[in-house]
Amino acid sequence: MRTSSFGRCSSAEFELPESFGTSSPTVGGRAYGAMMPVFLNDLRSNHHKELVEITLELENDAVLLCNVTPAAAYSAPNASPSSSRGGGDDGAGVARSLSITSRIRRKFPWLRSLSSASVESVAAAEDPVTTARNARKMRAKLERTRSSAQRALKGLRFISKSGEASEELWGKVQERFSLLAKDGMLAREDFGECIGMEDSKEFAVCIFDALTRRKERRVSSINREELHEFWLQISDQSFDARLQIFFDMADSNEDGRITREEVQELIMLSASANKLSKLKEQAEGYASLIMEELDPENLGYIELWQLEMLLLEKDRYMNYSRQLSSASVNWSQNMTDTRSGNDIQRLRRTLQCIALEYWRRGWILLLWWVTIATLFGWKFFQYRNRSTFQVMSYCIPIAKGAAETLKFNMALILLPVCRNTLTWLRSTGARKFVPFDDNINFHKMIAFAIAVAVAVHAGSHLGCDFPLLVNSSPEKFSVISSDFNNKRPTYKSLLTGVEGVTGISMVILMAISFTLATHHFRRNAVRLPSPFNRLTGFNAFWYSHHLFAVVYVLLLVHGTFLYLTHRWYHKTTWMYISVPLLLYIAERTLRTRRSAHYTVKILKVSGLPGNVFSLIMSKPNGFKYKSGQYIFLQCPKISPFEWHPFSITSAPGDEYLSVHIRTVGDWTQELKLLLTKDDDKLPSVKRGATFGELMQLDQRGQPRLLVDGPYGAPAQDYQSFDVLLLIGLGIGATPFISILRDLLSNTKTLDELGEPSNTETSQATRSDESSNSFTSSNLTPGGNKRSRRTTNAYFYWVTREPGSFEWFKGVMDEVAEMDHKGQIELHNYLTSVYEEGDARSTLITMIQALNHAKHGVDILSGTRVRTHFARPNWKEVFNKIASKHPFSTVGVFYCGMPVLAKELKKLSVELSHKTTTRFEFHKEYF
């Protein structure tokens, strides 16, 4: 049957009297209930808007949308309100309307709460609680329609990130069905693995049960056709369809209502799917929180429209955090016009960007390459013109040229590892011209050049000039016989002589050291059987590197007993390596003496989640450091030779030193056991104490610890930048905690002195002093200290363990409490939880937003900082910072695994080229 048209009216045809709707009106003798005044009032306020005619058709308990036509198409001067609604005067239209409502109610559970008879309508009018809920329901529906909020409903994906039921995905499901099915039937327990939810089988089983309830039967297995039917439902692009499935998962008794107990069960299911045990324990409290928000009438249940309303309001609840997108200028205004201008201008800008990014590395590498080439060429041509060339041809010039570069690089390789010298140079003007952050990379490049030079030098001797010398004719040998005491050497005598023995010994020791220093051996990536497994790991790398002490002694001996050079001032090996070697020896001596002086007392050891413990120590007299620097620790009781680096997490103004240590190696595990040998486990963190409090001194006789440092790190120069972007992965957040505390301390000091805030003056200062986008901190010698002062910091912490947020919980709360001017933004990202929008994390996202709006605390970190799910969109992060801070220099500091560094480096270069904001990337690896 087909309904008559309804809802067709326009402002010219339909006028409502002011008094209409003040009481419950009736049509055809039937009461419409207390919601009619609300509807008519709303219609009166919106009567000037164009309305449409909607034609529906009912068939087999299904509602079909047949036509939607603008009201203007049917407008006529003689149209009447009654005819426009098609209700008639005899009440038949009302009866038929009620029949439609009944049929719709049987198809859609959310309509079950509506009255299907006039008696219930009268009861609703008399029940203020039901009236209030119905009014909220109508407002929710109108709000969704008017604001076009449905476009923002991108959540509740059950299958893939895109949510599309592609043939490729379905093909994989069929393949898994063939493997898992028995006798053509897929068991309920295997449904999750079949559809790709291997890690969330309990959640998948709940989906399975919800879908089977729709078939009005409970089954424990399904065939391929039923699986395809289920697949089409969970991969449906319609948000309403996905919302209905989500609702049905909780509505186990199929009454169209969800009680608090059912909400609690769904929370526990979501927590289990995301491995959030803490959230699972608090499920009852969060279920009550949801009911309190969605069921203010205290009816004891919620319906589908209320769940939808919570999803719509989620973004509003999350507005508690400061918005990064609230930029002072529009993004397009900060974009440099890369499309305008000719090719020469674009090429000039590209070259300028590349030059500013790489000029410090470039001139160092160029100078190094030119020096190596010059030394090789000088020595090559020197021996090319000597009499020895007649006997040994080009073999001897090549060998000697390689030897000259080898001596130079053996001297140079010591400088990048002179930590005290580099730390001092970082505080001078040299940091504007020398990339000290790349010292280890340069050290590795020199090592590679040494390996090449050793191979060329030794290969030329052993495979080329030695055979030519041994087999030379008496006439040719007579030319150089005086260099060998007029006696032709044999191949064996050349190898067993001082030069041969020292040379071969150096090659063997270098090969061992270089091999154990490679990434695979140093990171335990190579699995060797016992006892050879001791050759992998940091200890093998550290001890093998000390073989170079023997190598340098052999090198001095090797360079003294030369066959073809006899005068002492022509033997230049000692000239190359003496000064760098003495500097390195002085460094090691200073470190030894200073560490003995910097003995510390252990004040507190705190066990933290994620296999981490914090160590709070007394601060030695005279020990001064900067935020971002690190120290070396040694425990003589474990090993009198091993030193291990750890970032300082306390602020320079604190009266103690603190580090956070992750137990990943033998030394850290032994230290943890040694510090807690009298306890069953590490003492837990004191909940009521802030991070800045000095804990009670532990008098149990802890082992002796030695401290060496502090040493420079990239992050120590953070004050040279207008804006900071601090990115830490897991334990890589430690270098930045000290910076955050230091920024807060500086802000507090400025407030006490009554000076204006950096954030208040930063934009004006930058606009006056920065006329182009390439004002780099590295190119500004001795710039204005006030204009260089850091104004804003953005801290992004990405971790896979929810317990990791306990490490710096006090710091997070302290920042949120003290940072009244919005100088620092904190963003936590938990990668172990499914990304926002996935059905498995949807309820967690809603609880998170609701709890923070109500209580100001994040449910995962326990702090005021919001925890995001999955990984950040780094491109969006960089774009928003560039938009908010035009004509600024942003220091991007990263500490974590190397894999992310490439992406961040690329974005820094790209955004520096496209916008007026300059990004300078610095990295540390752990």
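These values consider heavy atoms only, across backbone and side chains, with no hydrogens, waters or symmetry-generated copies.
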- Non-hydrogen atoms of A713 and E924 that approach each other most closely: CB-OE1, 3.8 Å

- Query: Between the main-chain N or O of G559 and the side-chain N or O of K571, is there a donor-acceptor pair closer than 3.5 Å?
  - Reply: no

- Item | Closest approach of K407 to T573 (non-hydrogen atoms, all atoms of both residues) | CD-OG1, 3.1 Å

- Message: Tell me if a side-chain donor or acceptor on W797 pairs with a main-chain N or O of I727 at a distance below 3.5 Å.
- Response: no

- Note on the structure: Residues G732 and F736: closest non-hydrogen pair is O-CE1, 3.7 Å

- Heavy-atom side-chain proximity of L633 to M617 below 4.5 angstrom: yes

- Query: Of all heavy-atom pairs between A458 and V507, which one has the smallest distance, and what is that distance?
  - Reply: CB-CG2, 4.5 Å

- Message: Side chains of M392 and L564, heavy atoms from C-beta outward: is any pair under 4.5 Å?
- Response: yes

- Task: Check the pair R426 / D437 against salt bridge (Lys or Arg N to Asp or Glu O under 4.0 Å), numbers first and verdict last.
- Result: CA-CA 9 Å; R426 282 178 181 273; D437 296 347; 2.9 Å; yes

Hey, can you pull the donor-acceptor pairs under 3.5 Å for the side chains in residues 463-472, sequence neighbours left out?
unit_1, atom_1, unit_2, atom_2, d
D465, OD1, H461, ND1, 3.1
D465, OD2, H461, ND1, 2.9
N471, ND2, P467, O, 3.0
S472, OG, L469, O, 2.9

- Take atom CG in N385; do more than 12 heavy atoms of anything else shown fall under 6.0 Å from it? yes

- Task: Output, in order, the C-alpha distance, side-chain angles, deciding distance and verdict of side-chain contact (heavy atoms from CB on, under 4.5 Å) for L725 and Y796.
- Result: CA-CA 8 Å; L725 176 55; Y796 284 79; 3.7 Å; yes

- Scan side-chain atoms only and decide if R361 and N441 contain a donor-acceptor pair under the 3.5 Å cut-off. no

- Please assess F484 against Y563 for the test ring pair (Phe, Tyr, Trp, His ring centres under 6.0 Å), listing each intermediate value before the final yes or no. CA-CA 7 Å; F484 296 92; Y563 288 118; 5.4 Å; yes

- Establish, yes or no, whether the cationic atom of R386 lies under 6.0 Å from the six-membered ring centre of F389 and within 45° of the ring axis. no

- Separation between NZ (K400) and OH (Y383), nearest 0.5 Å, reads 4.5 Å

- Task: Please report the shortest heavy-atom distance between L535 and F521, naming the atom on each side.
- Result: O-CD2, 3.7 Å

- Spacing of OG1 belonging to T668 relative to NE2 belonging to H644, to within rounding of 0.5 Å: 8.0 Å

- Of V605, T663, I661, the one forming a side chain to side chain contact (heavy atoms under 4.5 Å, CB included) with L671 is I661

- Close side-chain approach of D708 to Q634, heavy-atom, < 4.5 Å: no

- Message: When you measure from the side chain of Q629 to the backbone of Q716, do you find a donor-acceptor pair of N or O atoms at a distance under 3.5 Å?
- Response: no

- Message: Take a 6.0 Å sphere around OH of Y491 and say whether it holds more than 12 heavy atoms from other residues, nucleotides or ligands.
- Response: yes

- Tell me, yes or no, whether the heavy-atom count around K476 atom NZ, taken from other residues, nucleotides or ligands under 6.0 Å, exceeds 12. no

- Query: What about the rings of F721 and F893, do their centers lie closer together than 6.0 Å?
  - Reply: yes

- Message: Counting neighbours of NE2 on H566 that are heavy atoms of other residues, nucleotides or ligands and sit closer than 6.0 Å, is the number greater than 12?
- Response: yes

- Message: When you compare the side chain of Y625 with that of K619, does any pair of heavy atoms fall below 4.5 Å?
- Response: yes

- Task: Apply the test side-chain contact (heavy atoms from CB on, under 4.5 Å) to residues I739 and L726: give CA-CA distance (whole Å), side-chain angles for both, the deciding distance (0.1 Å), then the verdict.
- Result: CA-CA 9 Å; I739 294 177; L726 311 174; 4.2 Å; yes

- Assert yes or no for the condition that the ring centre distance of H660 to W807 is strictly below 6.0 Å. no

- Message: For D666, I'd like to know if atom CG has over 12 heavy atoms of other residues, nucleotides or ligands within 6.0 Å.
- Response: no

- Atom pair CG (L615) and CZ (F646), whose distance is rounded to the nearest 0.5 Å: 9.0 Å

- Check whether any side-chain N or O of W667 sits under 3.5 Å from a backbone N or O of I638 as a donor-acceptor pair, and report yes or no. no

- Message: Do T734 and T649 pair up side chain to side chain, a donor and an acceptor below 3.5 Å, judged on atom types alone?
- Response: no

Contacts under 3.5 angstrom, residues 894-904 side chains, donor-acceptor by atom type, not counting sequence neighbours:
unit_1, atom_1, unit_2, atom_2, d
Y894, OH, M897, N, 3.0
Y894, OH, M897, O, 2.4

- Between T405 (side chain) and A402 (backbone), is there a donor-acceptor pair under 3.5 Å? yes

- Task: Any chance you could measure R591, atom CZ, to N420, atom CG, to the nearest 0.5 Å?
- Result: 7.0 Å

- Can you check whether E499 reaches H558 side chain to side chain, under 4.5 Å on heavy atoms? yes

- For S639 and Y543, the nearest pair of non-hydrogen atoms, with its separation, is OG-OH, 3.6 Å

- Query: When rounded to the nearest 0.5 angstrom, what distance separates CD1 in I731 from CD in E801?
  - Reply: 12.0 Å

- Please check if the side chain of K626 supplies one atom and the backbone of G712 the other of a donor-acceptor pair under 3.5 Å. no

- Query: So do the side chains of L562 and H570 get within less than 4.5 Å of each other, counting heavy atoms only?
  - Reply: no

- Flag side-chain contact, heavy atom, 4.5 Å: L657 against P620: yes

- Are Y711 and F632 near enough that their ring centres are under 6.0 Å apart? yes

- Query: Would you say the side chain of Y576 lies within less than 4.5 Å of the side chain of L375, judging by non-hydrogen atoms?
  - Reply: yes

- Task: Check for a donor-acceptor pair, side chain of S460 on one end and backbone N or O of H457 on the other, with a separation under 3.5 Å.
- Result: no

- Item | side-chain contact (heavy atoms from CB on, under 4.5 Å) evaluation trace for I585 with Y552 | CA-CA 12 Å; I585 293 173; Y552 277 99; over 6 Å; no

- Query: Short question: side chain of S627, backbone of S738 - any donor-acceptor pair under 3.5 Å?
  - Reply: yes

- Message: So does N486 get a backbone contact from the side chain of S481, meaning a donor-acceptor N/O pair under 3.5 Å?
- Response: no

- Message: With a 3.5 Å distance limit and no angle check, can you tell me whether S513 reaches the backbone of L509 through a side-chain donor-acceptor pair?
- Response: no

- Task: Applying side-chain contact (heavy atoms from CB on, under 4.5 Å), run through V892 and L907 and close with a yes or a no.
- Result: CA-CA 10 Å; V892 182; L907 286 171; over 6 Å; no

- Task: Rounded to the nearest 0.5 Å, what's the gap from CD1 on I737 to OG on S647? Could you check?
- Result: 10.5 Å

- Message: Evaluate W363 against F433 for ring pair (Phe, Tyr, Trp, His ring centres under 6.0 Å), listing each step before the verdict.
- Response: CA-CA 9 Å; W363 81 265; F433 309 101; 7.9 Å; no

- Going by atom types alone, do Q382 and K379 pair a side-chain donor with an acceptor below 3.5 Å? yes

